[in-house]
Amino acid sequence: QVQLVESGGGLVQPGGSLRLSCVYSGIIFSIDVMGWYRQAPGKQRELVARITSGDSTVYADSVKGRFTISRDNAKNTVVLQMNSLEPEDTAVYYCNLRRRSIDYWGQGTQVTVSS
């Protein structure tokens, strides 16, 4: 079974930065896409950023220019660098791995942006 573990969430002031990490493990022969999603209370889960094996990236309009997704295959890690954080970024952030149309999810890490 594929397992994903997120870390790096916490409380930060507006304008600050956080770095989220996702370490994945299990028997994985190939990965179609990895990404970060977030879900705020009362709202649907939404895509934040995703990256393919060829390093193509997609970002939500709300985070373009502020967030950067990257991967380190040797360390089985995907990172989301978040800069210029806003209160609207407050949510639980989930790491996602997709292989052959099957989604695997981490437990989530809380990000709170508040003064």
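Reckoned from all heavy atoms, side chains included, excluding hydrogens, waters and symmetry mates. Predicted model only: the values in this text are computed from it and were never measured.
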(message) Quick one, L47 and Y59 - any side-chain contact, counting heavy atoms below 4.5 Å?
(response) no
(message) Counting only heavy atoms not in Q39 (residues, nucleotides, ligands), do more than 12 fall under 6.0 Å from its CD?
(response) yes
(request) Determine, using the 4.5 Å side-chain heavy-atom cutoff (strictly less than), whether Y37 and I102 are members of one ILVMFWY cluster. (result) no
(message) I'd like to check V79 versus R19 (side-chain heavy atoms, cut-off strictly below 4.5 Å). Are they in contact?
(response) yes
(request) Answer yes or no: is there a side-chain heavy-atom contact under 4.5 Å between L85 and L18? (result) yes
(request) Would you confirm whether E6, through its side chain, and G108, through its main-chain N or O, come within 3.5 Å as a donor-acceptor pair? (result) yes
(message) What I want to check is whether the side chains of R98 and N96 have a donor and an acceptor closer together than 3.5 Å.
(response) no
(request) Kindly compute the distance separating OG (S70) from CG (D55), expressed to the nearest 0.5 Å. (result) 9.0 Å
(message) Starting from V63, can I reach V33 by hopping between I/L/V/M/F/W/Y residues whose side chains sit under 4.5 Å apart?
(response) no
(request) Kindly give the heavy-atom pair with the smallest separation between R71 and V78, and that separation in Å. (result) CB-CG2, 4.1 Å
(request) Looking only at non-hydrogen atoms, find the nearest pair between S114 and P14 and report the distance. (result) C-CD, 3.7 Å
(message) What I'd like to find out is whether the side chain of L4 reaches to under 4.5 Å of the side chain of L97, using heavy atoms alone.
(response) yes
(message) Do R66 and D89 have side chains that approach each other closer than 4.5 Å (heavy atoms only, starting at C-beta)?
(response) yes
(message) Check whether Y104 forms a cation-pi arrangement with R99 (NZ or CZ under 6.0 Å from the six-membered ring centre, at most 45° off the ring normal).
(response) no
(request) Answer yes if M34 and V2 sit in the same cluster of Ile, Leu, Val, Met, Phe, Trp and Tyr residues linked by side chain heavy atoms under 4.5 Å apart, and no otherwise. (result) yes
(message) Determine whether a donor-acceptor pair (N or O, by modelled atom type, separation under 3.5 Å) exists between the side chain of Q1 and the backbone of G26.
(response) no
(message) Hydrophobic cluster membership, with links at side-chain heavy-atom distances under 4.5 Å among I/L/V/M/F/W/Y: are V92 and M82 in one?
(response) no
(request) Look up atom CZ in F67 and atom CG in L20, then write down how far apart they are to the nearest 0.5 Å. (result) 8.0 Å
(request) Could you pull out all residues at least two apart from N83 that satisfy side chain to side chain contact (heavy atoms under 4.5 Å, CB included)? (result) S17, Q81
(message) If I take atom CG from residue L80 and atom OG1 from residue T68, how far apart are they, to the nearest 0.5 angstrom?
(response) 8.0 Å
(request) Indicate the atoms forming the closest heavy-atom contact of Y24 with T77, along with that distance. (result) CE2-N, 3.7 Å
(message) List the residues meeting side chain to side chain contact (heavy atoms under 4.5 Å, CB included) with E46, not counting sequence neighbours, and say none if there are none.
(response) R38
(request) Would you confirm whether T90, through its side chain, and T112, through its main-chain N or O, come within 3.5 Å as a donor-acceptor pair? (result) no
(request) With the side chain counted from C-beta on, respond yes when Q110 and Y93 share a heavy-atom pair under 4.5 Å apart, and no when they do not. (result) no
(message) Check the orientation of Y94 and W105. Use parallel for under 30°, tilted for 30 to 60°, and perpendicular for over 60°.
(response) perpendicular
